[in-house]
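Order of appearance sets the numbers: ligands from 1, and atoms from 1 within every ligand.
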Amino acid sequence: MKHFTSVNQIEDLDALILLAKQIKANPYANKAIGENKTLGMLFFNPSLRTRLSTQKAAANLGMHCITMNLNTEGWSLEFEDGAIMDGNKAEHIKEAAQVISQYCDVIAIRSFPSLTDKEKDEEDQVINSFAKYATVPVISLEGATEHPLQAIADIITIREYQTKKRPKVVLTWAPHPKALPHAVPNSFVKMMQLADVDFVITHPQGYELNPEVTKNSLINHDQNDAFKDADFIYAKNWSNYNDYGQILSRDLSWTVNPEKMALTNKAKFMHCLPVRRNQIVSDAVLDSDSSIVIPQANNRTYAAQAILTKILRNED
Ligand code: AN0
Ligand code: CP
């Protein structure tokens, strides 16, 4: 595996889930494969889970980890080819990526979208520029359009909790006071399209995700109807995609609450975290036995470790 920046790069999902399961059962079994290898983690945005779980995954493989908050601690980077650098940007990605590649055997990057320029965001310039100029493998820790490690943790969690062969999984939009990216829902949709599940997306009219991503998935604008017989409810806010980056609804009738969960088949509640209580989901659901957000977050370690293992083994 050269770079891992998209769910599209997963060639054999069952094999990947099996590897993660084996790692979870025996996390230190491959402590030697990362010996004398360095993982560089570069953050342009905040993180709790991704940073700590990926660092732990690297340590479980014997890797050394160096982490930098590039937005606050590094030189401001220029990403445009041919730029005349007479402004605030002190260093070009071409040099930065090659230099970092000399210190690191794998580079992992978190970089959110602007949510103001749709075309630029869809280019996922930060992650793709690192992938282009780095001379070592690059992993996305959530880019402008995808959060693939999250989606792997999500499918591992669904596999652990499913009680029937083909569970019904519902991705529901839920209200949030801030404009949020599309990366988590995009990767989740792509993952559900790969997995053996009965998948439905529900969101208010006009809150369609990128149609290229959702084109093979069912969309139901009636949240209550979508929830019927669901085995998993995966809640997530995203800002408007058509009216790019705007908040067109904060309708709290979309908050996941016990009345809505009662429509399901005793569904498990999932969210990538961080989650806003009593916006996305009510306390009563998040604090109930149906919530599996904590074990879901735990699986971030095994998702990251599975991908690092494949990269260190040079596997596809
Ligand atoms: C981010 C998002 O929605 O993409 C990160 C989630 C993992 N969430 C927030 O900014 C609250
Ligand atoms: N789910 C997730 O990626 O969380 P962090 O933003 O805290 O890393």
If you define the side chain from C-beta out and look only at heavy atoms, does anything of [X] sit under 4.5 Å from [Y]?
X	Y	result
Ile10	Ile152	yes
Ile158	Tyr234	no
Glu123	Asp117	no

- Message: Which residue is it: Arg159, Lys164, Lys165? I am looking for the one with a salt bridge (Lys or Arg N to Asp or Glu O under 4.0 Å) to Asp196.
- Response: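 The passing option is Lys165.
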- Pull out every atom of ligand 1 sitting under 4.0 Å from any heavy atom of Pro181, numbered as shown with elements.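 Answer for ligand 1: 2 (C), 3 (O), 4 (O).
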- Item | Interfacing atoms of ligand 1 (cut-off 4.0 Å, heavy-atom, Leu180) |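 Checking each atom against Leu180, I get 3 (O), 9 (C), 10 (O), 11 (C).
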- Tell me: protein heavy atom nearest atom 1 (C) of ligand 1, and distance?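 Checked against all protein heavy atoms, atom 1 (C) of ligand 1 sits closest to Phe112 CZ, 4.0 Å.
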- Task: For ligand 1, indicate whether the residue Glu142 contacts it via side chain, backbone, both or neither (heavy-atom separation under 4.0 Å).
- Result: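 Just the side chain.
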- Query: Have Ser217 and Gln193 got a donor and an acceptor in their side chains that come within less than 3.5 Å?
  - Reply: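 Looking only at side-chain atoms, Gln193 and Ser217 do form a donor-acceptor pair, the distance falling under 3.5 Å.
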- Cut-off 3.5 Å, side chains only: do Asn60 and Gln305 have a donor facing an acceptor?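 Short answer, yes.
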- For the student: nearest non-hydrogen atoms of Val7 and Met191, plus distance: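 Minimum heavy-atom contact is CG1-N, 3.9 Å.
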- Item | Nearest heavy atoms of Pro185 and Lys236, plus distance in Å |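 Looking at all heavy atoms of both residues, the closest pair is CD-CG, 3.8 Å.
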- Message: Can you list every protein residue that has a heavy atom under 4.0 Å from any atom of ligand 2, sorted by chain and residue number?
- Response: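 Contacting ligand 2 under 4.0 Å are Ser47, Leu48, Arg49, Thr50, Arg110, His147, Gln150, Cys272, Leu273, Arg300.
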- Task: Could you tell me whether Lys236 and ligand 1 have an N or O pair separated by under 3.5 Å?
- Result: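 Yes - when backbone and side-chain N and O of Lys236 are compared with those of ligand 1, one distance drops under 3.5 Å.
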- Under 3.5 Å, N or O to N or O, is His176 touching ligand 1 that way?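 Among all N and O atoms of His176, none is under 3.5 Å from an N or O of ligand 1.
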- Task: Could you tell me whether ligand 1 has any atom less than 4.0 Å away from a heavy atom of Leu273?
- Result: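 Heavy atoms of Leu273 do come under 4.0 Å of ligand 1.
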- Message: Less than 4.0 Å is my threshold; does some heavy atom of Ala183 fall inside it relative to ligand 1?
- Response: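 For ligand 1, residue contact (heavy atoms, under 4.0 Å) with Ala183 is absent.
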- Message: My understanding is that only residues two or more places apart in sequence, or in another chain, count here; which of them pass ring-ring contact (aromatic ring centres under 6.0 Å, His included) with Tyr244?
- Response: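 Tyr244 satisfies ring-ring contact (aromatic ring centres under 6.0 Å, His included) with His182 only.
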- Task: Flag the pair Lys120 and Glu80 as a salt bridge only when some basic side-chain nitrogen lies within less than 4.0 angstrom of an acidic carboxylate oxygen.
- Result: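 Salt bridge between Lys120 and Glu80, a charged N being under 4.0 Å from a carboxylate O: yes.
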